[in-house]
Amino acid sequence: MRRLVYYIATTLDGFIAGPDGGDPTGSNGFWPIPEDYIQHLVAEYPETLPAQARQALSVTAEGTHFDTVLEGRRSYEIGLAAGITDAYPHLRHLVFSRTLTESPAPAVELVADDPVATVRELKQQDGKDIWLLGGAELAGSLYAEIDTLILKVGPLTIGDGIPLFSRKAVFDPRTWALADHTVLKSGAAFLTYTRVGN
């Protein structure tokens, strides 16, 4: 069965974005991306690079982890504000929204249904794992469905911002086993955890 993988960049203090919700690695972001981080993404997770980055870096590798990406409306709108209607045309791309009524890109699927039911259905289909891109609201609603966490931990703290899971997530302690880790010279770390038990 396919797994739901929350693959996300985070600060040491657990924030995926600043208080304004903007892209922490974008032009106005607070996290300058080191060269070894980019090299690791290209080598290990090429499918998670947006189309513009893939083109700029001459990345053509299909990738071995994911064939589907899920994101919430707020995360999707960060790309829209930059004029990008489909950052991941090489993946099946689902955007969860109850307010968007028409997809700005033909290949982007808008989903107004319950995220949990949708993910459970996706898990039963053939394919590679499912990448939960974010944001915190969607991750909070899918908390119980996440099978694997891949945290791209940046060597910085910001004090306040958007947490890994929205504050609306229910209190439900879970135990995770460290399955893999890579620490780069720049100080960034890729930590892979698998859920223990149910």
Side-chain angles (χ1 to χ4, degrees), residues 1-11 14-17 21-24 45 47-48 50 63-80 84-153 161-180 190-198:
M1 182 166 33
R2 301 167 84 189
R3 297 173 301 165
L4 180 63
V5 181
Y6 191 19
Y7 170 87
I8 190 80
T10 178
T11 62
F15 297 109
I16 62 173
D23 181 358
Y45 301 95
E47 68 271 39
T48 66
T64 58
H65 301 282
F66 311 113
D67 61 12
T68 304
V69 60
L70 313 179
E71 66 180 321
R73 177 187 54 81
R74 288 187 186 106
S75 293
Y76 179 63
E77 286 180 339
I78 292 172
L80 284 182
I84 301 167
T85 57
D86 187 359
Y88 304 99
H90 50 286
L91 301 174
R92 182 177 178 194
H93 191 169
L94 285 73
V95 174
F96 289 84
S97 174
R98 290 190 175 89
T99 57
L100 290 175
T101 56
E102 189 174 329
S103 176
V108 173
E109 302 172 44
L110 295 181
V111 182
D113 299 333
D114 173 34
V116 171
T118 301
V119 164
R120 287 178 178 169
E121 184 179 313
L122 288 170
K123 284 182 175 183
Q124 298 302 319
Q125 297 171 4
D126 291 334
K128 297 176 185 174
D129 285 340
I130 305 156
W131 171 25
L132 173 55
L133 169 66
E137 293 281 334
L138 183 58
S141 66
L142 290 171
Y143 178 75
E145 296 301 315
I146 297 170
D147 303 294
T148 304
L149 293 169
I150 302 178
L151 303 178
K152 302 176 286 180
V153 183
I162 307 294
L164 279 170
F165 298 98
S166 72
R167 304 285 184 219
K168 294 180 183 176
V170 298
F171 180 75
D172 183 10
R174 304 230 167 205
T175 303
W176 300 83
L178 182 64
D180 194 17
F190 286 71
L191 306 176
T192 301
Y193 292 92
T194 55
R195 190 173 68 197
V196 176
N198 291 328

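Bear in mind that the values here come from a model prediction, so they are computed numbers and not experimental data. Residues take their numbers from the sequence shown, with the count starting at 1.
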ask   = Between Lys123 and Glu145, is there a salt bridge with N-O shorter than 4.0 Å?
value = yes
message = Please report the interatomic distance CG(Asp180) to CG(Leu191), rounded to the nearest 0.5 Å.
response = 9.0 Å
task = Verify side-chain contact (heavy atoms from CB on, under 4.5 Å) between Val119 and Glu121, making sure each step is shown before the conclusion.
result = CA-CA 5 Å; Val119 164; Glu121 184 179 313; over 6 Å; no
task = Check whether any side-chain heavy atom of Trp176 sits under 4.5 Å from a side-chain heavy atom of Ile146, and report yes or no.
result = yes
request  = Indicate yes or no for a side-chain donor-acceptor contact from Glu71 to the backbone of Gly134 under 3.5 Å, with no hydrogens or angles considered.
outcome  = no
inquiry  = Applying side-chain contact (heavy atoms from CB on, under 4.5 Å) to Thr118 and Leu94, what does each step give before you reach the verdict?
reply    = CA-CA 10 Å; Thr118 301; Leu94 285 73; 4.2 Å; yes
key: Given Thr194, Asp129, Asp147, the one that forms side chain to side chain donor-acceptor pair (under 3.5 Å) with Arg3   = Asp129
Distance, nearest 0.5 Å, that separates OH of Tyr76 from CZ of Phe96 = 14.0 Å
request  = Using a 4.5 Å cut-off on heavy atoms from C-beta on, say whether the side chain of Leu133 contacts that of Leu70.
outcome  = no
note = Heavy-atom nearest pair, Leu110 first then Glu102, reads CD1-C, 3.5 Å
task = Start with the C-alpha distance between Leu178 and Thr192, add both sets of side-chain angles, then the distance that settles side-chain contact (heavy atoms from CB on, under 4.5 Å), and finish with yes or no.
result = CA-CA 6 Å; Leu178 182 64; Thr192 301; 5.8 Å; no
ask   = Closest approach of Leu164 and Ala139, non-hydrogen atoms and distance?
value = O-CB, 3.8 Å
request  = Give a yes-or-no answer on whether the side chains of Arg2 and Thr68 include a donor-acceptor pair shorter than 3.5 Å.
outcome  = yes
query = Any side-chain heavy-atom pair from Arg92 and Asp67 closer than 4.5 angstrom?
reply = no
message = To check you understand the geometry: which heavy-atom pair defines the closest contact between Leu151 and Tyr193, and what is its length?
response = CD1-CE1, 4.5 Å
query = Do you know the tightest heavy-atom contact between His93 and Asp86?
reply = ND1-OD1, 2.9 Å
ask   = Which is it for Tyr6 and Phe165 under the ring pair (Phe, Tyr, Trp, His ring centres under 6.0 Å) test, yes or no, and what are the steps along the way?
value = CA-CA 10 Å; Tyr6 191 19; Phe165 298 98; 5.5 Å; yes
